[in-house]
Amino acid sequence: MANNNKSIHGEWSSRFAYILAATGSAVGLGNIWKFPYITGENGGGAFVLVYLACVVAIGIPILIAETMMGRRGRQSPINTLTTLSTEAGANKNWHFLGWMGVIAGILILSYYSVIAGWAIAYVIKAVFGGFSSDAAIVKTSFDDLIASPWQLVFWHSIFMIATMSVVMRGVRGGLEKAVQYLMPALFTLLIILVAYAMTTGEAYFQGLSFLFKPDFSEIDSDAVLIAMGHAFFTLGLGMGAIMVYGSYLPSGISIFKTSLYIAGADTIVALLAGIAIFPLVFANGLEPGSGPGLIFQTLPIAFGNMTGGWLFGVLFFVLLVFAALTSSISLIEPFVAWLVENKGFTRIKASVICGVTTWALGVSVALSFNIWSEFTIFDKTIFNFLDDLTAKWMLPLGGFCIAIYSGWIMQRKHVQSELDMPEQQFVIWKFLISYIAPAAVFLVFLKVLGAF
Ligand code: PHE
């Protein structure tokens, strides 16, 4: 049952290169910007626990499944689904799943890029010594930034240009090498921030107990949906990003083991970010639920206070931008790969088309923080609407379909030969992917939709 398909886009140069790239896709704004603020908005410990349970029981099995499908199909997710469906004797319309992923990728990137733009603005602020140890000044400075349509559009544009220039050069050009240094550096900076958080005394313990002491009265079914959706978002699942990265994965490399490393690294980074941020929130009398601005209103205070804070501040925001960049390229790669395969476009042309589309949508997101803040869709600003639509609904739905597809549609012998893992582990994975993951997503959806 050997898999003879080859990707026309090239392959990762080694197992390590793949782990770095896939970790680059997983670790991003989701871990450092989003995880802390949604944890703050949803009451802390219980939310974190649900999120961790979702990563283990749903996220990791789907991560393995999605990567496996990519490597077996060796094309963009849309074409991979067509190929795999032929192999399995299934309906070719399954490629809709690839299309849904492409759309989700564009929608996510449109707002992801705006937030990454904030991070670039903070690099500049940091360079010019703009961080203060006074929480009120730090907050005003953040409010001023997001009140300015021009600044937001400008930084968003810079980030989109950066994303597209990497994507143009293809998977191996630059990307592999960059991630190799950036990931360890980001990790080190987070450890420094955690060490700083420890100096906040009482607040440090308040922060830890907020994060790790579950109080289930704090969460409702919507919070469970947010936690589950975030498990997909943070691992980069359900829209084809890891599927397309899997399609560049040389045969013979264990998908099971690499997936565990990727999910492990991703979870550790998120928890470290939480441990660094919440003590600062409590030490400065801030609100844990203050929303998307949370890290921008807390971390500068730490940098403003600590010795060497200027350097660390600059480094931290630079690394955050790069972490965002290694994720953003994976968000758009499924569409770029499809345009190259099906329309015969060069990578450059495909990247420009994707970039311009996403950029235009992103402009409306940038304006939704200021001049268009009154404009709502289902009572939500454009930013909130897109974030909810993708992270709460599209990614879990995509993940659900991937679970059904790999658990029920693909032939067991094909799946098994591609995964090539010890029988016992395979049986556990097969059970999780066929029953637990789809049932969990389904039940959470039903509950939130008010079915019971
Ligand atoms: N995982 C990325 C993050 O946490 C975002 C992402 C979502 C990347 C979906 C790819 C696909 O920032």
Side-chain angles (χ1 to χ4, degrees), residues 19-39 51 54-55 59-60 62-63 66-67 70 76-77 97-98 100-119 159 163 166-167 171 175 179 182-183 186 190 226-247 259 262-274 292 295 319-337 354 358 386-399 402:
I19 294 178
L20 286 172
T23 308
S25 159
V27 174
L29 295 174
N31 309 60
I32 295 168
W33 159 75
K34 194 170 182 192
F35 171 71
Y37 95 75
I38 57 176
T39 299
Y51 151 74
C54 291
V55 166
I60 295 177
I62 295 181
L63 175 59
E66 194 174 329
T67 316
S76 70
L97 180 53
M100 186 170 79
V102 162
I103 295 167
I106 292 173
L107 297 181
I108 295 176
L109 185 53
S110 74
Y111 70 81
Y112 203 83
S113 169
V114 173
I115 311 295
W118 298 359
F159 186 77
T163 299
V166 179
V167 174
V171 279
L175 165 61
V179 188
L182 298 171
M183 283 292 141
L186 182 67
L190 275 176
I226 297 176
M228 182 179 82
H230 188 65
F232 285 94
F233 185 89
T234 190
L235 293 171
L237 301 180
M239 50 71 55
I242 199 68
M243 198 184 290
V244 84
Y245 276 19
S247 75
S259 298
I262 296 159
D266 186 72
T267 309
I268 291 173
V269 171
L271 294 178
L272 285 178
I295 65 159
L319 291 169
L320 184 60
V321 173
F322 278 105
L325 193 61
T326 55
S327 299
S328 65
I329 52 183
S330 73
L331 281 161
I332 204 69
E333 179 67 19
F335 193 25
V336 171
C354 296
T358 314
L386 289 178
D387 180 33
D388 270 16
L389 175 67
T390 52
K392 278 164 72 174
W393 300 101
M394 293 179 84
L395 298 185
L397 182 61
I402 286 166

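Counting starts at 1 for both ligands and their atoms, following the listed order.
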Can you name the closest pair of heavy atoms from G30 and Y112 and give their distance? N-OH, 4.2 Å
Under 3.5 Å, side chain of E66 to main-chain N/O of G399, donor-acceptor pair present? no
For a quick test of reading the model, state the closest non-hydrogen atom pair linking I329 to Y245 and the distance between them. CG1-OH, 3.7 Å
Between D387 and K34, does any NZ, NE, NH1 or NH2 come within less than 4.0 Å of an OD or OE carboxylate oxygen? yes
Please tabulate protein-ligand N/O pairs under 3.5 Å for ligand 1, atom names and distances to 0.1 Å.
residue, atom, partner, partner atom, Å
ligand 1, 1 (N), S25, O, 3.1
ligand 1, 1 (N), A26, O, 2.9
ligand 1, 1 (N), F233, O, 2.8
ligand 1, 1 (N), T234, O, 3.1
ligand 1, 4 (O), A26, O, 3.0
ligand 1, 4 (O), G30, N, 3.3
ligand 1, 4 (O), N31, OD1, 3.4
ligand 1, 12 (O), L29, N, 3.1
ligand 1, 12 (O), G30, N, 2.8
ligand 1, 12 (O), Y112, OH, 2.5

Aromatic ring pairing Y51/F35, orientation class (parallel under 30°, perpendicular over 60°, tilted between): tilted
Ignoring hydrogens, what is the shortest heavy-atom contact between S327 and G28? Give both atom names and the distance. OG-CA, 3.6 Å
